[in-house]
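A short worksheet on the structure shown next.
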Amino acid sequence: MAFRRTNGAKMMPPEFFENPGAGVVSTYDSEGAAQHAVDILVADGFAANGLSIIGRGVRSVEKVIGRVTYAKVALGGVFSGVYLGIGFTLVALLLGIVKIENVGGAFGGIMIIGIGAGVLLAILTQTFAGARKRYTSVTRILAERYEVLAPAADVTRARSILQEHAIREHS
């Protein structure tokens, strides 16, 4: 069974996201506007667990933000190598391989080895993993419109709360 995690919430089964018998309260062009409407309803005492925001006309948008080069891969390997070196140094200290009095010299040597290993592994991975993409990007899921849903019995009350709030904001 597939699970989804949202905003740090615990993992929920897909059925949790279904909202049978719900009615559309309002429709918005942006997710932020739909979230604001839900905030208004919750602040007015509406049961939060009965509300949903549904994105309709969903699409994935990928924004290219840079190019993958061996220099960038190697730099990432340096950072991985630093962590590797720190980890090896701590393990060597805990196992008694390195005495606390000699930790400075050992740390420097282990760091050099760790950085070298990190760079080498990063470059080898990039080379032999078949560099599927030669660019870096970020992806976001967007929708054409966002519907706020509420239990069918509460749709009219939810609409009137949002209308009253709109009147108060504009007067």
Side-chain angles (χ1 to χ4, degrees), residues 1-20 22 28 30-43 46-149:
M1 179 181 292
F3 291 92
R4 178 184 297 184
R5 184 180 298 260
T6 304
N7 294 335
K10 61 184 179 178
M11 295 175 71
M12 306 300 269
E15 299 80 40
F16 174 80
F17 295 96
E18 295 173 5
N19 203 350
Y28 300 92
S30 73
E31 185 178 17
Q35 290 171 340
H36 181 65
V38 170
D39 282 340
I40 291 167
L41 294 172
V42 171
F46 217 88
N49 62 352
L51 300 171
S52 298
I53 298 174
I54 306 293
R56 303 284 184 194
V58 177
R59 66 190 186 280
S60 172
V61 178
E62 183 175 10
K63 174 71 175 157
V64 176
I65 59 173
R67 196 177 160 194
V68 174
T69 64
Y70 279 104
K72 288 180 183 177
V73 170
L75 183 61
V78 167
F79 290 115
S80 297
V82 167
Y83 289 121
L84 194 63
I86 291 170
F88 283 156
T89 303
L90 290 175
V91 169
L93 277 171
L94 291 173
L95 295 177
I97 298 169
V98 174
K99 302 284 187 236
I100 195 73
E101 305 85 41
N102 303 331
V103 76
F107 181 70
I110 293 173
M111 288 301 290
I112 290 170
I113 292 170
I115 290 171
V119 170
L120 181 65
L121 287 173
I123 290 174
L124 288 174
T125 301
Q126 177 69 18
T127 301
F128 294 114
R132 292 174 265 313
K133 295 191 320 183
R134 302 213 182 271
Y135 60 91
T136 57
S137 61
V138 292
T139 303
R140 175 125 193 244
I141 303 297
L142 299 174
E144 289 177 14
R145 67 185 187 285
Y146 298 86
E147 296 175 348
V148 174
L149 275 60

Return the minimal non-hydrogen interatomic distance between [X] and [Y], and the atom names on each side.
| X | Y | answer |
| --- | --- | --- |
| Ile110 | Ala92 | CD1-CB, 4.5 Å |
| Met111 | Ile86 | SD-N, 3.7 Å |
| Ser30 | Tyr146 | C-CD1, 3.4 Å |
| Ala122 | Gly77 | CB-CA, 3.8 Å |
| Gly55 | Ala143 | CA-CB, 3.7 Å |
| Ala74 | Ile123 | CB-CD1, 4.1 Å |

Applying salt bridge (Lys or Arg N to Asp or Glu O under 4.0 Å) to Arg140 and not counting sequence neighbours gives Glu31

What's the separation between atom [atom1] in [X] and atom [atom2] in [Y], rounded to the nearest 0.5 Å?
| X | Y | atom1 | atom2 | answer |
| --- | --- | --- | --- | --- |
| Leu41 | His36 | CG | NE2 | 10.0 Å |
| Thr89 | Leu84 | OG1 | CG | 9.5 Å |
| Phe107 | Ile112 | CZ | CD1 | 10.5 Å |

From the list Ile141, Leu142, Val138, Thr139, side-chain contact (heavy atoms from CB on, under 4.5 Å) partner of Val61 resolves to Leu142

Worksheet item: Would a 4.5 Å heavy-atom cut-off, applied to side chains only, mark Tyr70 and Thr127 as touching?
Response: yes

*Side-chain contact test, heavy atoms from C-beta onward, threshold under 4.5 Å: evaluate it for Ile65 versus Tyr135 and give yes or no.*
no

So salt bridge (charged side-chain N to carboxylate O under 4.0 Å, His left out) across residues 52-65, not counting sequence neighbours, yields Arg56-Glu147, Glu62-Lys133

